[in-house]
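Working notes, structure below.
Residue numbers run from 1 in the order of the sequence given. What you see is a predicted model; the values in this text were computed from it and never measured.
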Amino acid sequence: MLPPIAPAQAQLNFKVGLRGGGSFANAAGPDAAKRKVRLAYHGGITTQLLLGKYWSVGPEVLYSVKGDNTLQYGPSIGAELSYLEAPLLVRYTRDDAFIEVGPYAAYLLRTRQNDTLMTVALGTAPTYEKLDYGAVLGIGYQDPGGFSLSWRYVAGLADVYPKGFVNPGERVRLRNSVVQFTLGYRFNDFSGLKKIRLNPFKRRAKRNTDATS
């Protein structure tokens, strides 16, 4: 005998939006000596899968500029680094204010040296790691009409230079560190998964009732 199964129904809403804004990018890490903040930018597509009243989760796809603005090595990053970035964030919302946290992974698309004369003197531009990853922590306000305003700290956990960049077998411990200020818009009338019935026995019982009547 099977125990009775209570009817269960879940409401899942899928939201899509856009976000973009300014950034303060810099180098971080034990070896960050000569560094200077770079004024940068970011932007892209956001998604949200609403899981109940307060929680949501969603991946994003962003174009994010990082690096620093120094003209000295010292060591430092010494370049503008542009990434295709994919955060995966869990968000808790209460009274339209939210906090979000999660990991990110990024792929380096292009670099631009701050001092082209240094590149000429070295004979080649410095090599940077193609992959970057780290953690994101943010707070913000989500207006029910769709607009949002948020602040994020994006902390890189991977060194930007490959091992052996300066001396064989040694690694320069420099990571990306970015503070982002963002204006976003969420399209509230776009819903993907509306109602999903989690109890297939209820649907089967309803069909049997309709057939007998």
Side-chain angles (χ1 to χ4, degrees), residues 17-47 58-90 100-140 150-184:
L18 301 173
R19 71 185 306 266
S23 307
F24 296 98
N26 211 336
D31 294 333
K34 300 292 184 179
R35 57 182 183 172
K36 186 178 180 181
V37 173
R38 169 180 291 278
L39 297 180
Y41 58 92
H42 62 279
I45 300 173
T46 66
T47 64
E60 302 177 356
V61 179
L62 307 174
Y63 183 83
S64 182
V65 177
K66 303 180 183 181
D68 62 16
N69 205 34
T70 186
L71 297 177
Q72 305 180 55
Y73 174 64
S76 64
I77 297 176
E80 175 186 282
L81 307 180
S82 300
Y83 291 90
L84 181 64
E85 187 173 280
L88 178 60
L89 303 180
V90 176
E100 54 190 3
V101 64
Y104 80 87
Y107 182 80
L108 183 62
L109 298 176
R110 61 182 293 268
T111 65
R112 188 178 68 179
Q113 298 301 122
N114 298 337
D115 187 356
T116 56
L117 295 178
M118 182 181 296
T119 302
V120 173
L122 294 175
T124 182
T127 301
Y128 301 94
E129 292 281 12
K130 285 293 186 180
L131 296 179
D132 184 34
Y133 58 87
V136 179
L137 174 65
I139 59 174
S150 63
W151 167 93
R152 282 182 185 175
Y153 178 59
V154 183
L157 299 178
D159 294 320
V160 298
Y161 287 115
K163 189 174 181 179
F165 170 69
V166 178
N167 297 313
E170 294 185 6
R171 182 178 287 277
V172 179
R173 297 168 297 173
L174 281 176
R175 304 183 301 271
N176 284 307
S177 176
V178 184
V179 176
Q180 297 178 342
F181 297 92
T182 304
L183 181 65

Next on the checklist: Run the side-chain contact (heavy atoms from CB on, under 4.5 Å) test on Ser177 and Tyr153 for me, step by step, so that the C-alpha distance in whole Å, both residues' side-chain angles and the decisive distance to 0.1 Å come before the verdict.
Outcome noted: CA-CA 8 Å; Ser177 176; Tyr153 178 59; 2.9 Å; yes
For the [atom1] atom of [X] and the [atom2] atom of [Y], what is their distance to the nearest 0.5 Å?
{"X": "Leu137", "Y": "Trp151", "atom1": "CG", "atom2": "CH2", "result": "5.5 Å"}
{"X": "Tyr104", "Y": "Asp132", "atom1": "OH", "atom2": "CG", "result": "3.5 Å"}
{"X": "Thr70", "Y": "Ile77", "atom1": "OG1", "atom2": "CD1", "result": "10.0 Å"}
{"X": "Lys66", "Y": "Leu108", "atom1": "NZ", "atom2": "CG", "result": "10.0 Å"}
{"X": "Asn69", "Y": "Leu71", "atom1": "CG", "atom2": "CG", "result": "7.0 Å"}

With a 4.5 Å heavy-atom cut-off, do [X] and [Y] have their side chains touching?
{"X": "Leu174", "Y": "Asp159", "value": "no"}
{"X": "Thr111", "Y": "Tyr128", "value": "yes"}
{"X": "Leu89", "Y": "Val101", "value": "no"}

Shortest non-hydrogen contact from [X] to [Y]?
{"X": "Ala32", "Y": "Ala27", "result": "CB-O, 4.2 Å"}
{"X": "Pro162", "Y": "Glu129", "result": "CA-OE2, 3.1 Å"}
{"X": "Pro87", "Y": "Leu62", "result": "CG-CD1, 4.0 Å"}

Checklist entry - Taking atom OH of Tyr63 as the centre, does the number of heavy atoms from other residues, nucleotides or ligands within less than 6.0 Å exceed 12? => result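 Enclosed.
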Next on the checklist: Within a 6.0 Å radius of atom OH on Tyr133, are there more than 12 heavy atoms belonging to other residues, nucleotides or ligands?
Outcome noted: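 At most 12 heavy atoms, drawn from other residues, nucleotides or ligands, come within 6.0 Å of this atom.
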Next on the checklist: So does Ser76 get a backbone contact from the side chain of Tyr161, meaning a donor-acceptor N/O pair under 3.5 Å?
Outcome noted: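 Yes: the side chain of Tyr161 pairs with the backbone of Ser76.
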Checklist entry - Just by modelled atom types, is the Gly156 backbone N or O under 3.5 Å from a matching donor or acceptor in the Arg175 side chain? => result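 Yes; at least one donor-acceptor contact below 3.5 Å.
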I'd like to check the side-chain contact (heavy atoms from CB on, under 4.5 Å) partners of [X]; sequence neighbours left out, ordered by chain and number.
{"X": "Val61", "answer": "Leu84"}
{"X": "Ser23", "answer": "Ala40, His42, Val178, Gln180"}
{"X": "Asn26", "answer": "Arg35, Val37, Asp68"}
{"X": "Pro59", "answer": "Thr47, Leu88"}

Item to check | Arg38: salt bridge (Lys or Arg N to Asp or Glu O under 4.0 Å) partners, not counting sequence neighbours | outcome: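 So Arg38 forms a salt bridge (Lys or Arg N to Asp or Glu O under 4.0 Å) with Glu80.
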Checklist entry - Under the salt bridge (Lys or Arg N to Asp or Glu O under 4.0 Å) test, which residues partner Glu60, sequence neighbours left out? => result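 For Glu60 the salt bridge (Lys or Arg N to Asp or Glu O under 4.0 Å) partners, ignoring immediate neighbours, are Arg152.
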Item to check | Arg19-Thr46 side chain donor-acceptor pair, cut-off 3.5 Å | outcome: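 Checked: Arg19/Thr46 side chains show no N/O donor-acceptor pair below 3.5 Å.
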Next on the checklist: Ignoring hydrogens and geometry beyond distance, is a side-chain donor-acceptor pair present between Ser64 and Tyr41 at under 3.5 Å?
Outcome noted: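 No, no side-chain donor-acceptor contact under 3.5 Å.
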Item to check | Stepwise side chain to side chain donor-acceptor pair (under 3.5 Å) test for Asn176 and Tyr83 | outcome: CA-CA 11 Å; Asn176 284 307; Tyr83 291 90; 3.1 Å; yes
